[in-house]
Amino acid sequence: MERNEFLRLLGTAGIAVCAGCSLESCSSSSDPAPSGNPGPSGIDFTLDLTAPANTALNSDGGFVYNSGVIVVCLSASLKVYTAVSQACTHQGTTIGFDAANGNFLCPAHGSRFSTNGAVVNGPAATSLRKFNTSLTGTNLRVFA
Ligand code: FES
């Protein structure tokens with residue numbers, strides 16, 4: 001992870017922890033979505049972080065796919081998550097999360113996207129759609 005990306009993640013974490021949280025174990029992310037790919041529509045689902053299928057979301061860099069969205073745990077200790085459309089905007093390949101570099105990576109042709117879905121490097125020219133996340137207890141809601 002590069003220094004700038006690390007500092008940006010810390011800034012996001014600070015905002016998520018401070019903004020709108022009055023209960024324990026609560027965080028949210030509502031960074032403005034970059035313009036670009038509309039991504040899947042009608043997204044509004046909740047993931048139970050205690051369910052075996054979602055255990056990856058309890059570790060830094062862990063991720064799961066659901067309903068055309070990739071959901072990533074950016075910081076387990078700070079309860080910071082991000083969610084973007086999982087289809088690469090270049091040719092639709094399913095992206096993954098590269099925890100070592102702190103960004104999304106498309107295995108087909110190497111496009112990279114920031115944690116808010118913006119293109120870091122191509123060939124993709126259009127950002128991924130970013131979705132909101134909100135944690136209440138152990139339930140992580142992902143929504144448009
Ligand atoms: S399909 Fe993702 S970079 Fe080409």
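Along the sequence shown, the residues carry numbers beginning at 1. Note that ligands are numbered from 1 as they come in the structure, with each ligand's atoms numbered from 1 the same way.
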List every atom of ligand 1 that sits less than 4.0 Å from any heavy atom of [X], numbering the atoms from 1 in the order shown and giving each element.
X      : value
Ala108 : 1 (S)
Ser111 : 3 (S)
Gln91  : 1 (S)

Stepwise side chain to side chain contact (heavy atoms under 4.5 Å, CB included) check, Thr89 with Leu128 | CA-CA 7 Å; Thr89 56; Leu128 302 165; 4.0 Å; yes
Evaluate the side-chain proximity of Cys73 to Ser59: yes if any heavy-atom separation is below 4.5 Å, no if none is.
->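 No, every pair of side-chain atoms sits at 4.5 Å or beyond.
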Answer yes or no: is there a donor N or O on one side and an acceptor on the other, between the side chain of Thr93 and the main chain of Ala108, under 3.5 Å?
->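 Looks like no, no N/O pair under 3.5 Å.
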Look at the side chain of Asp60 and the backbone N and O of Ala76, then say whether any donor-acceptor pair between them is shorter than 3.5 Å.
->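 Answer holds: yes.
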Whether Cys88 has an N, O or S atom under 2.8 Å from atom 4 (Fe) of ligand 1 =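 Checking Cys88: none of its N, O or S atoms is under 2.8 Å.
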Tell me whether His109 has at least one N, O or S atom under 2.8 Å from atom 4 (Fe) of ligand 1.
->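 Within the cut-off used here (under 2.8 Å), His109 does place an N, O or S atom near atom 4 (Fe) of ligand 1.
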Residue among Phe97, Tyr81, Phe63 satisfying side chain to side chain contact (heavy atoms under 4.5 Å, CB included) with Leu74 |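 The passing option is Phe97.
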Give me the one residue out of Val71, Ile95, Val69, Asn116 that meets side chain to side chain contact (heavy atoms under 4.5 Å, CB included) with Val84.
->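 That would be Ile95.
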Kindly identify the option in Ala124, Gly110, Cys106 whose heavy atom sits closest to atom 2 (Fe) of ligand 1.
->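 Residue with the shortest heavy-atom distance to the ligand atom: Cys106.
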Starting from atom 4 (Fe) of ligand 1, look over the N/O/S atoms of His90 and name the nearest one.
->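 When I compare the N, O and S atoms of His90, ND1 is nearest to atom 4 (Fe) of ligand 1.
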